[in-house]
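The structure presented is a predicted model; accordingly, all values stated were derived computationally and were not measured. Below, all heavy atoms of this structure are taken into account, side chains as well, without hydrogens, waters or symmetry copies.
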Amino acid sequence: MTYAQDAAVNHGKQWHGYKLVESRTNRRYTDEDAVIKAAKAAGYHDIFKHSLIPITEMEKLMGKKTFAEVLGAFVEKPQGKPTLVPASDKRPAITSTGAENDFTEFKGD
């Protein structure tokens with residue numbers, strides 16, 4: 001499977017019955033200091049363990065709506081890396097891979 005995934009990701013190889021999709025990722029805080037300030041300003045003080053509590057726990061503490069209002073600007077969900085999965089997987093297929101697809105030729109004015 002490693003060979004097949006490498007060929008699909010880096011060389012555009014397509015395998016019958018499989019497709020490339022983004023892997024799953026976890027949300028993360030983009031600026032922990034800003035999250036601490038914003039949460040404390042909103043009246044939340046039990047936000048630490050030995051470090052800032054995880055995003056899912058913070059969302060449960062505040063509720064989804066308040067979390068989005070208070071901390072939404074400080075949370076990102078990075079793009080997943082391409083991974084090869086059966087065609088039946090519900091995630092949408094990636095249409096372009098490889099560096100040659102990331103650049104276009106400049107033709108001037």
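Across every non-hydrogen atom of Val35 and Leu52, the tightest pair is CG1-CD2, 3.8 Å. Across every non-hydrogen atom of Trp15 and Ala4, the tightest pair is NE1-O, 3.0 Å. Ile47 approaches Ala39 most closely through the heavy-atom pair CD1-CB, 3.9 Å. Scanning both residues, Lys19 and Ala93, for their nearest heavy atoms gives CD-CB, 4.0 Å.
Interatomic distance, CD of Gln14 versus CG of Leu84, reported as 10.5 Å (0.5 Å rounding). Considering CG of Asp89 and CG of Leu20, their distance stands at 11.5 Å, rounded to 0.5 Å. To the nearest 0.5 angstrom, His45 atom NE2 is 12.5 Å from Ile36 atom CD1.
Here the rule is salt bridge (Lys or Arg N to Asp or Glu O under 4.0 Å) with Glu59, and of Arg27, Lys64, Lys65 only Arg27 fits it. Applying the side-chain contact (heavy atoms from CB on, under 4.5 Å) test between Phe67 and each of Thr56, Leu61, Val75 identifies Val75 as the sole match.
Counting only distance, with no hydrogens or angles, the side chain of Thr25 and the backbone of Pro78 share a donor-acceptor pair below 3.5 Å.
Here Asp6 pairs with Asn10 under the side-chain hydrogen bond (donor to acceptor under 3.5 Å, both in side chains) rule; sequence neighbours left out.
Atom CZ of Phe48 sits in a crowded spot, with more than 12 heavy atoms from other residues, nucleotides or ligands closer than 6.0 Å. The number of heavy-atom neighbours closer than 6.0 Å to CZ of Phe74, taken from other residues, nucleotides and ligands shown, is above 12.
Tyr44 is not listed as a side-chain neighbour of Val70, based on a closest heavy-atom distance of 4.5 Å or more. Using a 4.5 Å heavy-atom cutoff, the side chains of Glu22 and Arg91 are not in contact. With a 4.5 Å cut-off on side-chain heavy atoms, Lys81 and Val9 do not count as touching.
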